[in-house]
Amino acid sequence: MSVFAPNLLDGRVAFITGGGTGIGKEIARTLGRHGAAIAIASRKQDVIDAARDELAGEGITCLGLTFDVRDENAVERVIDGIVAELGGLHIVVNNAAGNFPATLDNISYNGFRTIVDIDLQGTYNVTKAAYEKVLKEQGGVVVNIAAPFEHWGVTYQAHVAAAKTGVISLTRTCAVEWAGRGIRVNAVAPGYIDETEGVDRFNAVGDVNDRGLKGSKQDIANAVLFLCSDAAGFISGECIRVDGAACVDMLKVAPG
Ligand code: COA
């Protein structure tokens with residue numbers, strides 16, 4: 001049972017990149033359950049087909065698309081396709097991301113570039129195409145899924161921390177430059193979120209959650225839903241950390 005009104009996003013069309021699995025699929029489900037028509041996309045056809053069928057089975061209007069956020073031409077084609085199929089585009093959630101845990105000693109030139117290309121350039125590509133084709137004239141909402149690494153060095157995450165901190169910077173500049181066009185741009189930075197591929201990969205290299213703080217995919221989806229809604233109508237250029245205070249715990253020893 002959601003604490004948000006079921007018709008919160010009625011009449012809106014939302015595009016969630018990386019919406020076939022994990023946090024992205026939960027965001028798609030949550031926006032869909034609150035009235036939005038949904039477009040989800042990922043690189044893998046079978047993944048996106050299964051997610052689309054699952055969401056459609058829950059009564060959500062859902063379009064499944066395959067493309068790579070690194071491919072500028074494909075991004076433009078996908079935005080055109082969403083507008084043609086769903087009649088518009090109002091919300092863009094840049095969730096698609098790559099990640100592998102590795103120390104700097106073990107990240108190749110191409111490994112670093114790959115993550116920056118997917119996470120940062122990919123976010124730019126989708127945002128830019130949506131802006132030029134729809135949002136520039138009409139307004140809308142962009143939510144970028146970042147990471148809570150902005151102020152810290154993060155072992156195993158040099159590439160991801162650099163890319164995601166770039167995403168937060170991009171969020172702010174888009175928000176400033178587009179404020180006069182009725183476009184709000186914000187970010188959500190998830191902490192340790194249980195049952196996700198990213199956390200599974202981390203657990204393979206060591207215990208990254210020794211205090212047992214666990215968020216859920218729904219926690220992230222709820223923050224995105226709030227930012228997409230009119231309740232956040234004057235919030236732009238912000239990054240909301242959803243990490244159970246993990247990043248502001250100086251001593252890393254929560255009592256209890
Ligand atoms: N350790 C070190 N380097 C790695 C690596 C790892 N675990 N996984 C990939 N790389 C390197 C590759 O070796 C390659 O570099 P090289 O050419 O110098 O060898 C580079 O990264 C690109 O790998 P490739 O497999 O060609 O790229 P891809 O476009 O298929 O994407 C990932 C690879 C890792 C980005 C992608 O598979 C991915 O992101 N998967 C996980 C998704 C995920 O966890 N999402 C949650 C985000 S929090």
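Computed from heavy atoms alone, side chains included, the values below leave out hydrogens, waters and symmetry copies. A quick note: this is a predicted structure, and the numbers were derived from the prediction, not measured. As the structure lists them, so they are numbered: ligands from 1, and atoms in each ligand from 1. One is the number of the first residue; the rest follow in order along the sequence.
None of Asn222, Val224, Ile220 except one satisfies the side-chain contact (heavy atoms from CB on, under 4.5 Å) rule with Val242; the exception is Ile220.
Put simply, the side chain of Asn95 never gets that close to the backbone of Ile23: no donor and acceptor are under 3.5 Å apart. A donor-acceptor contact shorter than 3.5 Å is absent between the side chain of Lys133 and the backbone of Ile79.
Side-chain atoms of Asn125 and Glu76 form no donor-acceptor pair, as typed in the model, at a separation below 3.5 Å. Asp117 and Thr114 share no side-chain donor-acceptor pair at under 3.5 Å.
Within a 6.0 Å sphere centred on CD of Glu132, other residues, nucleotides and ligands contribute more than 12 heavy atoms.
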Check each N or O atom of ligand 1 against all protein N or O atoms and list the pairs under 3.5 Å, with atom names and distances to 0.1 Å, one per line.
unit_1: ligand 1; atom_1: 15 (O); unit_2: Ser108; atom_2: OG; d: 3.3
unit_1: ligand 1; atom_1: 17 (O); unit_2: Asn110; atom_2: ND2; d: 2.9
unit_1: ligand 1; atom_1: 18 (O); unit_2: Ser108; atom_2: OG; d: 2.5
unit_1: ligand 1; atom_1: 29 (O); unit_2: Arg43; atom_2: NH1; d: 3.3
unit_1: ligand 1; atom_1: 29 (O); unit_2: Arg70; atom_2: NH1; d: 3.2
unit_1: ligand 1; atom_1: 29 (O); unit_2: Arg70; atom_2: NH2; d: 3.0
unit_1: ligand 1; atom_1: 39 (O); unit_2: Asn99; atom_2: N; d: 3.1
unit_1: ligand 1; atom_1: 40 (N); unit_2: Arg201; atom_2: NH2; d: 3.2

